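One structure below.
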Amino acid sequence: MTKKINIDWENLGFDYIKTDLRYLSYWKDGRWDDGHLTEDNTLHLGEASPCLHYGQECFEGLKAYRTKNGEIQLFRVDQNAKRFQDSCRRLLMPEIPVGSFIQACIDVVKANEAYLPPYGSGGSLYIRPIMLGIGNSIAVKPASEYLFTVFCMPVGAYFKGGMTPVNFMISDYDRAACNGTGQQKVGGNYAASLIAHDIAAKKGFADCVYLDPTTHTKIEEVGAANFFGITKDNRFITPISCSILPSITKYSLLYLAENVLGMDVSEEDVYIDELDMFSEAGACGTAAVITPIGGIEYHNRLHVFYSETEVGPVTRKLYDTLIAIQLGDIEGPEGWITKVK
Ligand code: PLP
Ligand code: COI
């Protein structure tokens with residue numbers, strides 16, 4: 001019998017909610033311990049832990065969904081496991097085997113089943129795996145010990161309103177660089193983005209869009225999501241860049257646009273002064289899902305795509321297809337869904 005939780009499932013946002021159990025495992029002397037689930041949501045770290053001083057930290061984000069028939073499923077968890085390994089390699093941290101990563105996510109979801117939003121509520125259970133370099137060592141070098149933890153929380157829309165258009169502004173700041181860590185999901189990228197987000201939020205924008213750090217002429221991505229545009233001749237285009245996060249949602253949409261919607265798709269340079277080519281645009285990511293972009297402000301001018309209030313038809317179709325797979329209403333491509341229960 002699953003315990004009952006008093007949560008307003010239909011009105012969840014993206015705020016921290018403590019759930020019952022999280023997974024915790026330590027790496028020491030060259031190996032991971034067996035790991036365990038714990039009720040304690042406070043981490044105990046040495047004051048000279050490299051994650052605190054030098055940012056030796058990476059994380060992931062994925063979701064579990066309740067299906068119509070009461071099952072629970074994860075979306076493309078193997079891709080998150082592989083991207084986590086890539087982030088670990090970049091920061092000289094010990095990798096978690098893909099199978100262990102997936103099992104930790106499954107264990108955490110099962111242990112917190114009561115927090116999984118019901119089918120049809122619009123919510124899901126967000127899973128946040130993290131790795132930290134710990135152990136006291138003050139020199140700039142990789143940590144001698146590591147901690148891997150996975151917690152989860154029920155969430156609704158990341159951008160207010162979910163499938164309602166939001167406006168973004170172009171930032172003068174850079175978030176990351178090629179040969180830096182732009183392609184990895186490491187905390188430092190997000191620390192660097194806080195000021196740009198703050199400026200955008202104070203001006204009334206949902207977030208900012210970054211341009212490429214070398215020429216400031218090409219769209220990179222949104223602070224917490226990738227960018228895509230639908231051209232007037234019905235092509236799905238998304239920026240190619242060595243300094244953006246390889247979004248699992250973006251690659252899923254590239255596949256669905258091509259194979260389900262029958263569109264031409266490509267990853268290519270998207271120049272900021274060529275936005276007129278798009279009839280629709282959106283931000284995509286695990287938290288953002290698909291958030292339609294009403295307009296983007298650049299040099300004090302708001303470029304509106306489809307509409308500031310209405311969702312374009314292709315964006316709508318992509319959203320419906322993606323969500324239907326995530327919720328188990330239709331079958332996804334082989335390997336996209338992992339059953340928890
Ligand atoms: N870009 C950034 C900077 C992100 O934080 C995220 C979120 O994970 C994404 C893109 C979207 O990636 P994904 O679709 O794998 O969640
Ligand atoms: C995600 O979509 O999983 C993210 O990590 C984006 C944001 C919450 C940082």
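One-based numbering, in listed order, for ligands and for the atoms of each. Nothing here was measured: the structure is a model prediction, and the numbers come from that model. Residue numbers count from 1 along this sequence.
- Taking a heavy-atom cut-off of under 4.0 Å, ligand 2 is surrounded by Phe14, Phe59, Gly61, Tyr126, Arg128, Tyr158, Lys185, Tyr190, Ala224, Thr286, Ala287.
- Contact annotation: the side chain of Leu253 approaches that of Phe236 to within less than 4.5 Å [non-hydrogen atoms, C-beta and beyond].
- Looking at Ala225 against ligand 1, only its backbone comes within 4.0 Å, counting heavy atoms.
- Applying the salt bridge (charged side-chain N to carboxylate O under 4.0 Å, His left out) test to pairs two or more places apart or on separate chains, none has a residue in residues 313-334.
- Taking the six-membered ring for Trp and the full ring otherwise, the centers of Trp32 and Tyr26 sit at least 6.0 Å from each other.
- Here the protein heavy atom with the shortest distance to atom 2 (C) of ligand 1 is Glu221 OE1, 3.4 Å.
- In this structure, a donor-acceptor pair under 3.5 Å is absent between the side chains of Thr238 and Glu267.
- Residue Gly285 has at least one heavy-atom neighbour below 4.0 Å for each of these atoms of ligand 1: 11 (C), 14 (O), 16 (O).
- Here the heavy atom of the protein found nearest to atom 6 (C) of ligand 1 is Ala224 O, 3.4 Å.
- Residue-level proximity to ligand 1 for Arg175 is carried by the side chain, the only part with a heavy atom below 4.0 angstrom.
- Under 4.0 Å is where a charged nitrogen must lie from a carboxylate oxygen, and between Asp233 and Arg235 at least one such pair does.
- Using a 4.0 Å cut-off between charged side-chain N and carboxylate O, Glu221 and Arg175 make a salt bridge.
- For the pair Ala287 and ligand 1, the shortest N or O to N or O distance does not fall below 3.5 Å.
- Looking only at heavy atoms of the protein, atom 8 (O) of ligand 1 is closest to Lys185 NZ, 2.8 Å.
- Taking a cut-off of under 4.0 Å to the non-hydrogen atoms of Asn226, the atoms of ligand 1 that pass are 1 (N), 10 (C).
- The Arg83 neighbourhood of ligand 1 comprises atoms 12 (O), 13 (P), 15 (O), with distances under 4.0 Å to a heavy atom of that residue.
- No side-chain heavy atom of Phe228 sits less than 4.5 Å from a side-chain heavy atom of Phe278.
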Checking Gln79 against Tyr251 for the side-chain hydrogen bond (donor to acceptor under 3.5 Å, both in side chains) test, could you report, in this order, the C-alpha distance in whole Å, the side-chain angles of both residues, the deciding distance, and whether it holds? CA-CA 10 Å; Gln79 299 300 306; Tyr251 286 115; over 6 Å; no
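- Checked by distance only, ligand 1 and Lys250 stay at 3.5 Å or farther apart across all their nitrogen or oxygen atoms.
- Under the 30°/60° scheme for interplanar angles, the aromatic rings of Phe227 and Phe305 are found to be tilted.
- Between the side chains of Arg128 and Tyr126, a donor-acceptor pair is found at a separation under 3.5 Å.
- Ring pair Phe14/Tyr158: centre-to-centre distance below 6.0 Å.
- Protein heavy atom at the shortest distance from atom 16 (O) of ligand 1 is Thr286 OG1, 2.6 Å.
- Atoms of ligand 1 lying under 4.0 Å from at least one heavy atom of Tyr190, given by number and element, are 2 (C), 3 (C), 4 (C), 5 (O).
- At a threshold of 4.0 Å, the pair Lys202-Asp198 counts as salt-bridged, since one of the basic side-chain nitrogens sits closer than that to a carboxylate oxygen.
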